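Before any comments, here is the structure.
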There are 4 protein chains.
Amino acid sequence: MSPRSRQVNDAIRAESRARILEHALEQFAANGYDRTTIRAIAKSAGISQGLIYNYFASKDALLRAIFEQSMQDVQESFQRAEEAPPGQRTVALVRAAFELLERNQRFWRLSYGVRMQAPVLSDLGDGLQRWTETITRTLRGYLQEDGFDEPKLEARVLFALIDGVAQHYVLDPAGYPLEEVVERIVSWYATSGHS
Amino acid sequence: MSPRSRQVNDAIRAESRARILEHALEQFAANGYDRTTIRAIAKSAGISQGLIYNYFASKDALLRAIFEQSMQDVQESFQRAEEAPPGQRTVALVRAAFELLERNQRFWRLSYGVRMQAPVLSDLGDGLQRWTETITRTLRGYLQEDGFDEPKLEARVLFALIDGVAQHYVLDPAGYPLEEVVERIVSWYATSGHS
Amino acid sequence: MSPRSRQVNDAIRAESRARILEHALEQFAANGYDRTTIRAIAKSAGISQGLIYNYFASKDALLRAIFEQSMQDVQESFQRAEEAPPGQRTVALVRAAFELLERNQRFWRLSYGVRMQAPVLSDLGDGLQRWTETITRTLRGYLQEDGFDEPKLEARVLFALIDGVAQHYVLDPAGYPLEEVVERIVSWYATSGHS
Amino acid sequence: MSPRSRQVNDAIRAESRARILEHALEQFAANGYDRTTIRAIAKSAGISQGLIYNYFASKDALLRAIFEQSMQDVQESFQRAEEAPPGQRTVALVRAAFELLERNQRFWRLSYGVRMQAPVLSDLGDGLQRWTETITRTLRGYLQEDGFDEPKLEARVLFALIDGVAQHYVLDPAGYPLEEVVERIVSWYATSGHS
DNA sequence: GATGAATGAGTATTCATTCAT
DNA sequence: AATGAATGAATACTCATTCAT
């Protein structure tokens, strides 16, 4: 008789939104953004196509929402790395990065698949750009603390290394010896003040 | 209206084919494979849409042809690295890789943009997969020669590093200090037999 | 939770129904029937979409209800014209028509916007058709009373004139010198028995 | 063998374009702009939906093209009215208007159906507005020539009359005694310098 | 009486591909 | 060898309408 209570509605909305995001991520990661149809997402989520537009203004907005959600996760994770004792922060951040990677493979797969199109995918470009800069700057700070000679250059190298490993991992998660590779990298940056 | 001679015809065909490949690469690199239309390629090349199908069976086949052409280039380049004296081959290959990168930025941009979709872009998957394996195997061999302890693991790390740098470079060729980064990497692998 | 009394309920229903009609007319007049969404009406009225269907079976029925309501208004207005003394009825009707027009601009705007689609907008056709015939017949009667030679033809002309002026007015109410135009027309039909 | 000659292509294009315009007008006039689908136009014209976009950028552009084409017709027709001897120009223009109406009923039906939406149909608004002003100004000039006291006001009345008759005619061309009505109007404006 | 989440059929538009010339 | 008119299947998105609460 009486309309659904505010709380019940909010719960329904939260659940539907999450469901859509989850299945959109799954499809985007598997087939790439452009080759994923709204139809496929709806089917995968077991809902109608129209419902998606009840929660997201466009396919583009859906992609953006996925990024925002994941970026928040990244921020939090990196903040925890900051709490590590000086001299161990570089290593803490490297480990944090790979933990993120394992925990959210599909997002990173999507992210790498979309990266080169950033300037072309409206409004996404900025996010990725800023995120890249943040990482580089953070890394630079840690490397400087840890006594590296050329922290700026070194940050570029380390970031590239992390990025490269992450991509290779994501291309074949089952077959990639991520643990070993991470340990190899960590062992290299653990003994501080090289050069 | 005497029919064109065989030779003239062949020359025309070669020139048209090359022209199409060139402009397809340009467009694919700039906008991504999916977002590039046959129309755009034809317009860029100054020809009709139909003509493209006279040389390539499909958009997909056009992409494949670009890869084949570039892969050949890669092979040749890497073969020259093999001629370096033992103990310097790793470094030679690293340098060769980055020379290739600079010489053919657009191809690498396209390549990285398409990589995550490999399984989904028909028939392309194999090519990329095989190419990845080839590089890893070659690297492993050189690193072993050069006295590294765990050549297999080390090859994964080095390949990831190269790949990561290449991607970062390709995202912003003008702003990336490629020379310095390469020298940093090279200096690291030049003093052989680390461990 | 004692049930609402019958009377209170009826009052609520009447108020809601009127509210919906009011805002539907506003939206239909501003954007046209086809380009007005149920969503827009609901938003304008500050109610939910669903509620509209509690009062009207469909968008179409809502349009029909607006017409019924306004037609009644027209009937009443024209009946008052009938009370004018013979020889002044034509003028009385002309004045009544333009008073209606000014009083209910939005309805006439909607009406003119929908007129050409009448046969296509289910069940509306009849209403408009009948209404047109009624006016023509009434006008014919008055003109005959007033001694015009060819009352049938003259009625067509006068009706067209009224209709044309009304439309031009409704297209730009602020800039149209309605008073003057009406006086010009009235002065023409005031001196009865032309020919 | 050799591609179609320029001339043949131009002929094909002209024929296809005309065909599309013709069937679009037919559909728009019958069902209104908003309720006419591209699909329906294509089906009516016996072509694919895609082909329409080969000639017109959008449904909107198609509507605009119809207006441009017909407006040109109107211009020419009115210019011929200008050649009438002074004192008979008003009547010549009235006759010209109704000839246009009969010759192109469907266009006027579409035009009246869309008029109230003008501000909402992108880019069309201006055209109709300007056209209205042109007519009013021309009429005013002729009426002044013909010695009417208040040509500005009189022009408004005459324009409304023409417009009203045109609409009533277009609503039921078969049953409307257009000839008689026109003659009635003409007879009124023929004896110049009333007042 | 009232809500708003959900549906599904429909719409304009795009684009790889074909084919007569 | 080359053209470009034409196709048709697919796509993102809209919106009137339903219904459980």
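These figures come from a predicted structure and were not determined experimentally. Below, chains carry the letters A, B, ... as their sequence lines are ordered, and counting in each starts from 1.
- In DNA chain F, consecutive stretches of 3 or more Watson-Crick or G-U wobble pairs with both distances under 3.5 Å are given as paired ranges: E:2-21 with F:2-21.
- Under 4.0 Å is where a charged nitrogen must lie from a carboxylate oxygen, and between R17(B) and E22(B) no such pair does.
- Contact check, R39(A) against dA12(F): no side-chain N or O comes under 4.0 Å of OP1 or OP2.
- Between I52(D) atom CD1 and dA9(F) atom P the separation is 16 Å, expressed in whole Å.
- Whole-Å rounding puts the I47(D) CD1 to dT7(F) P distance at 7 Å.
- A donor-acceptor contact closer than 3.5 angstrom is absent between the side chains of D34(B) and Q117(A).
- Taken from CG in D10(D) to CD in E15(D), the straight-line distance is 13.5 Å, to the nearest 0.5 Å.
- Residue N54(C) places no side-chain N or O under 4.0 Å from the OP1 or OP2 atom of dA2(E).
- S44(B) approaches H23(B) most closely through the heavy-atom pair OG-ND1, 2.7 Å.
- Remark: K59(B) is not positioned above the aromatic ring of Y53(B), lacking an NZ or CZ atom under 6.0 angstrom from the ring centre and at most 45 degrees off the axis.
- For dT21(E), the OP1/OP2 oxygens have no side-chain nitrogen or oxygen of S5(D) closer than 4.0 Å.
- Atom CG of L51(D) is separated from atom P of dA12(E) by 16 Å (rounded to the nearest Å).
- When the nearest nucleotides of DNA chain E are assigned to D34(D) and G50(B) by heavy-atom distance, the more 5′-ward of the two goes with D34(D).
- Comparing V8(D) and Y53(D) along DNA chain E, the residue whose closest nucleotide (by nearest heavy atom) sits nearer the 5' end is Y53(D).
- Distance CD1 (I41(D)) to P (dA6(F)): 16 Å, rounded to an integer number of Å.
- Rounding to whole angstrom units, NZ of residue K59(C) and P of dT14(F) are separated by 15 Å.
- No close placement of the Y112(A) and Y112(B) rings is indicated, their centers lying 6.0 Å or farther apart.
- For the pair T37(A) and dA10(F), the criterion of a side-chain N or O lying under 4.0 Å from OP1 or OP2 is not met.
- Nearest-nucleotide positions on DNA chain F place T36(A) closer to the 5' end than the other of Y33(C) and T36(A).
- Per the geometry, NZ belonging to K43(D) stands 15 Å off C1' belonging to dG8(F), to the nearest Å.
- With contacts defined as side-chain heavy-atom distances shorter than 4.5 Å, the pair I47(A)/I41(A) does not qualify.
- Contact annotation: Y55(B) reaches the phosphate of dA2(F) (side-chain N/O to OP1 or OP2, under 4.0 Å).
- Among the nucleotides dT3(E), dC15(E), dA12(E), the one closest to any side-chain atom of P3(A) is dT3(E).
- You'll find the ring centres of F107(A) and F28(A) outside the 6.0 Å limit.
- In this structure, the CD1 atom of I38(A) is 17 Å from the P atom of dG8(E), given to the nearest Å.
- As a whole-Å value, the separation of R35(C) CZ from dC15(F) P is 10 Å.
- You'll find that the side chain of S48(B) is closest to dA2(F), out of dA2(F), dA5(E), dG8(F).
- Between dT17(E), dA5(E), dA5(F), one nucleotide has an atom nearer to the side chain of S58(B) than all others, and that is dT17(E).
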